[in-house]
> 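A single structure is presented below for examination.
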Amino acid sequence: MKEKEEKMKILSKEIENCRKCALFKTRNNVVVGEGNLNAKIMFIGEAPGFNEDMQGKPFVGKAGRVLNELLKHINLKRENVYITSLLKCRPPNNRKPLPQEIKYCSEFLNKQISLINPKIICPLGSYAMNFIFKKYGLDSKKISEVHGRVFRIPTLNGILKIIPLFHPAFAVYYPDKKTILMKDFEVIKKLNK
Ligand code: URA
């Protein structure tokens with residue numbers, strides 16, 4: 001356990017000092033991620049927004065409030081999962097991540113996944129889903145077609161389950177869509193027994 005903490009500390013420093021893409025010029029804080037390093041479930045968002053950039057923590061704005069509600073809906077505590085995003089720095093005006101930014105920043109995400117070694121990965125939104133699908137050799141799909149479905153990947157550590165989910169911001173802009181997210185989160189609850 002101590003060893004994992006030490007490794008994450010070193011990785012966090014590496015991420016905080018990153019200047020590989022231009023986002024370091026406009027960021028206020030790097031948002032490495034937070035949660036339990038032994039988490040069974042890992043949530044991966046797209047990129048920090050305004051509030052995350054100001055506080056240096058993932059999902060603390062409007063989308064974060066929705067995520068908290070969804071976690072509560074399935075009796076999961078934030079501190080028992082690990083939450084991060086594909087990009088660790090906020091793109092100006094919350095624009096979408098650029099391919100080069102994903103290329104550089106996902107090296108950190110890959111290291112976080114190796115360290116945490118979750119049993120279930122939930123990419124939130126199409127950017128995280130596309131990255132995770134490609135990483136694990138799954139054919140690319142539309143999130144509207146596969147949200148809430150379980151993809152099983154055999155690994156050396158057993159079966160890894162991937163459950164793509166709509167980004168919680170989806171429910172901020174379209175509140176009636178929260179029901180879809182709630183149903184999809186119930187899939188996680190069933191698997192996490
Ligand atoms: N959206 C994300 O994808 N990540 C965050 O940390 C916040 C909002």
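Atoms within a ligand are numbered from 1 in the order they appear, just like the ligands themselves. Given the structure is predicted, the values throughout are model-derived calculations rather than measurements.
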> Under the salt bridge (charged side-chain N to carboxylate O under 4.0 Å, His left out) test against Glu101, which residue among Arg95, Lys20, Arg90, Arg27 passes?
Arg95

> For Asn38, is there any backbone N or O sitting under 3.5 Å from a side-chain donor or acceptor partner on Asn36?
yes

> Just the distances, no angles: every ligand 1 N or O to protein N or O pair closer than 3.5 Å, one line each.
unit_1	atom_1	unit_2	atom_2	d
ligand 1	1 (N)	Ala47	O	3.3
ligand 1	1 (N)	His167	NE2	3.2
ligand 1	3 (O)	Glu46	N	2.5
ligand 1	3 (O)	Ala47	N	3.1
ligand 1	3 (O)	Ala47	O	3.4
ligand 1	3 (O)	His167	NE2	2.9
ligand 1	4 (N)	Ala47	O	3.1
ligand 1	4 (N)	Ser85	OG	2.8
ligand 1	6 (O)	Phe59	N	3.0

> Taking the six-membered ring for Trp, is the centroid-to-centroid distance between Phe166 and His147 below 6.0 Å?
yes

> Listed by chain and number, what are the side chain to side chain donor-acceptor pair (under 3.5 Å) partners of Tyr127, not counting sequence neighbours?
none

> Compute whether any side-chain donor of one residue and acceptor of the other, for Asn28 and Asp53, lie under 3.5 angstrom apart.
yes

> Are Lys111 and Phe108 in a cation-pi setup, meaning NZ or CZ lies under 6.0 angstrom from the ring centre and within 45 degrees of the ring axis?
no

